[in-house]
Protein chains: 2
Amino acid sequence: MKKALLAAIIGTSTLLASGTAAAQVKPEDVIKFRKGVYQVIGWHVRPMGAMVKGQMPYDQAEFVRNAEIVAMMSTVAPHAFVAGSDKGDTRAKPEIWSDAAGFKKVMDGFQAEAGKLVQVAKTATTVDQVRGQFGALGKACGACHDNYRNK
Amino acid sequence: MKKALLAAIIGTSTLLASGTAAAQVKPEDVIKFRKGVYQVIGWHVRPMGAMVKGQMPYDQAEFVRNAEIVAMMSTVAPHAFVAGSDKGDTRAKPEIWSDAAGFKKVMDGFQAEAGKLVQVAKTATTVDQVRGQFGALGKACGACHDNYRNK
């Protein structure tokens, strides 16, 4: 019943691309997947942050690798907010679905800044050259965390 | 103390590339990250499996997208087995670290087959053309699950 309801909701979702596959999964599985996506994002943002803050030596290849993973995950993230996955062990705010246009905007911003960071890092031989774009990515992250995530 | 110990262990790890960053994290955080990686992998393997089994219509672009994410995650996975992260809420077997060469071999196999699947899918206009390589990826997954993961 719950599954059928989720499938029905997903059918009308404007966010979700891979509706058919997702229609077969339970909300709690979507939430696990979503948390997984953000675990992977966080893991790779952290060393970039440490380099930018001078807590770790700047390693361009490693910075690019981290940025590429975050960029790919930024394209995965929107798929992790399947309608109906707002209940349970999650900090996702209902506004993600009630304000779908606003949420799409911050998600698009995340993708744009993450993609730019890869490009910038590929030619950045010093940490000073990535600092600005890393900051822009941080702002894009914050735009979502501040408005669409519970404390 | 625990953190210092982990850092010491990591220092001698042959597996880990990004040692400096990982040295600052707790084993339980490594485990969370590792589970996140496999959540992302599983989420994207499933629709490919459904297409191969005929449970979902074959969609080449979507198949390629899923395969690309799995391929990238196959390069991330080895970083998620930081030495010292064998205790806690994990099914990782001690053999991952005691048989590092064997584990590297199955991880390399995973990367090779996942990478090949992307290449195959890019030119596969029918599901029959991806079935064989998807099976090869499944075998590569199993090689690790059977030997390095507890039931």
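Values below: every heavy atom of this structure, side chains too, minus hydrogens, waters and symmetry copies. In what follows, every chain begins at residue 1, and chains take the letters A, B, ... in the order their sequences are listed.
No side-chain donor-acceptor contact under 3.5 Å links B/Asp99 to the backbone of B/Glu95.
At a 4.5 Å heavy-atom cutoff, the contact between A/Lys32 and chain B is made by backbone and side-chain atoms alike. Looking at A/Met73, only its side chain comes within 4.5 Å of chain B, counting heavy atoms on both sides.
In this structure the side chain of A/Asp89 reaches within 4.5 angstrom of the side chain of A/Lys35, judged on heavy atoms.
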Item to check | Intermediate values then yes/no, salt bridge (Lys or Arg N to Asp or Glu O under 4.0 Å), A/Arg65 and A/Glu68 | outcome: CA-CA 5 Å; A/Arg65 190 183 74 83; A/Glu68 283 178 334; over 6 Å; no
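Between B/Tyr58 and B/Asp128, the side chains place no donor N or O within less than 3.5 Å of an acceptor N or O (distance only, hydrogens not considered).
Between chain A and the options B/His44, B/Arg34, B/Arg46, heavy-atom pairs under 4.5 Å are most frequent for B/His44.
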